[in-house]
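Read through the structure below, which is laid out as structure tokens, and then see the notes.
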Amino acid sequence: MASALCMACCQSDVEARFFTASSLVMRLRRARDDGRLDREPNQVGRAGLLVIDELGFLPLDTDGARLLFQVVSNAYERQSVVFTTNLEFSRWGSVFGDDQMAAAVIDRVVHHGRLLQFRGEPHRVTHALMQDGGAHFPNLLPGLVFAFMGGLISLDQHAFQGVSLLVA
């Protein structure tokens with residue numbers, strides 16, 4: 001869903017950026033190490049849509065969490081952001097290593113956010129080539145929540161007010 005939204009933006013000449021949370025943090029670290037941290041958030045923030053995929057799949061250390069928070073804070077009310085994750089909000093403190101920082105991110109997400117939740121087996125599991133004559137795979141992800149945060153994206157007369165993706 002996040003990939004499709006990102007692609008729809010690009011096809012509509014709306015700049016969009018897609019990162020996994022860990023790759024975005026690594027990019028920000030490289031920018032800091034190279035003395036470009038003052039410019040990198042502007043590069044990321046230039047897009048109308050920012051997708052941050054797999055939030056919480058890999059742990060962030062305190063430094064990485066702070067860098068990611070900076071991006072989210074800069075995007076607040078200026079840019080649409082999509083988060084994908086399999087964690088409900090109550091577990092975001094473990095992602096950011098700090099309940100207060102997680103609460104600040106959640107506050108920004110829910111202020112203008114929209115949450116959509118998808119339940120059932122993931123698409124990859126449903127269409128797996130390894131399925132054996134109707135074998136059933138356990139529900140590996142309890143669902144996908146999709147929400148908008150900040151910004152306004154207009155695609156073919158469909159307006160999306162803010163975005164954040166959340167799998168819970």
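- One finds the CG atom of Leu60 at 12.5 Å from the CG atom of Asp98 (value rounded to the nearest 0.5 Å).
- Between the CZ atom of Arg91 and the CZ atom of Phe96 there is a distance of 14.0 Å, given to the nearest 0.5 Å.
- In this structure, Ser23 contributes its side chain and Phe19 its backbone to no donor-acceptor pair below 3.5 Å.
- Taking the side chain as every heavy atom from C-beta outward, His112 and Tyr76 approach each other to under 4.5 Å.
- To the nearest 0.5 Å, the span separating OG on Ser94 from CG on Leu87 amounts to 5.5 Å.
- Annotation: the span from Cys9 atom SG to Arg17 atom CZ amounts to 13.5 Å, rounded to 0.5 Å.
- Put simply, the side chain of Ser73 reaches to within 4.5 Å of the side chain of Arg108, judged on heavy atoms.
- At least one side-chain heavy atom of Arg78 sits under 4.5 Å from a side-chain heavy atom of Asn74.
- The shortest side-chain heavy-atom distance between Leu68 and Leu55 falls under the 4.5 Å cut-off.
- A distance of 11.0 Å separates OG1 in Thr62 from CG in Leu67, rounded to the nearest 0.5 Å.
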Starting from the C-alpha separation in whole Å, work towards a yes-or-no answer on side-chain contact (heavy atoms from CB on, under 4.5 Å) for His111 and Glu77.
CA-CA 9 Å; His111 181 226; Glu77 293 191 332; 3.4 Å; yes
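- Applying the salt bridge (Lys or Arg N to Asp or Glu O under 4.0 Å) test to Asp34 and every residue at least two apart in sequence or in another chain returns Arg36.
- Under a hydrophobic-cluster definition in which Ile, Leu, Val, Met, Phe, Trp and Tyr are linked whenever side-chain heavy atoms come within less than 4.5 Å, directly or via other members, Val71 and Val110 are assigned to the same cluster.
- Ion pairing between a basic and an acidic side chain is recognised when a charged N comes within 4.0 Å of a carboxylate O; Arg32 and Asp63 show such pairing.
- You'll find the side chain of Phe18 reaches within 4.5 Å of the side chain of Asp53, heavy atoms only.
- Minimum heavy-atom separation, Gly56 to Val95: CA-CG2, 3.6 Å.
- When side chains are defined from C-beta on, Phe89 counts as touching Val109, because their heavy atoms get closer than 4.5 Å.
- Nearest heavy-atom pair, Ala2 versus Val82, reported as atom, atom and distance to 0.1 Å: CB-CG1, 3.8 Å.
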Distance-only criterion, 3.5 Å: show the donor-acceptor pairs between side-chain atoms of residues 41-52 and protein atoms not counting sequence neighbours.
| from | atom 1 | to | atom 2 | distance (Å) |
| --- | --- | --- | --- | --- |
| Gln43 | OE1 | Arg46 | NH1 | 2.5 |

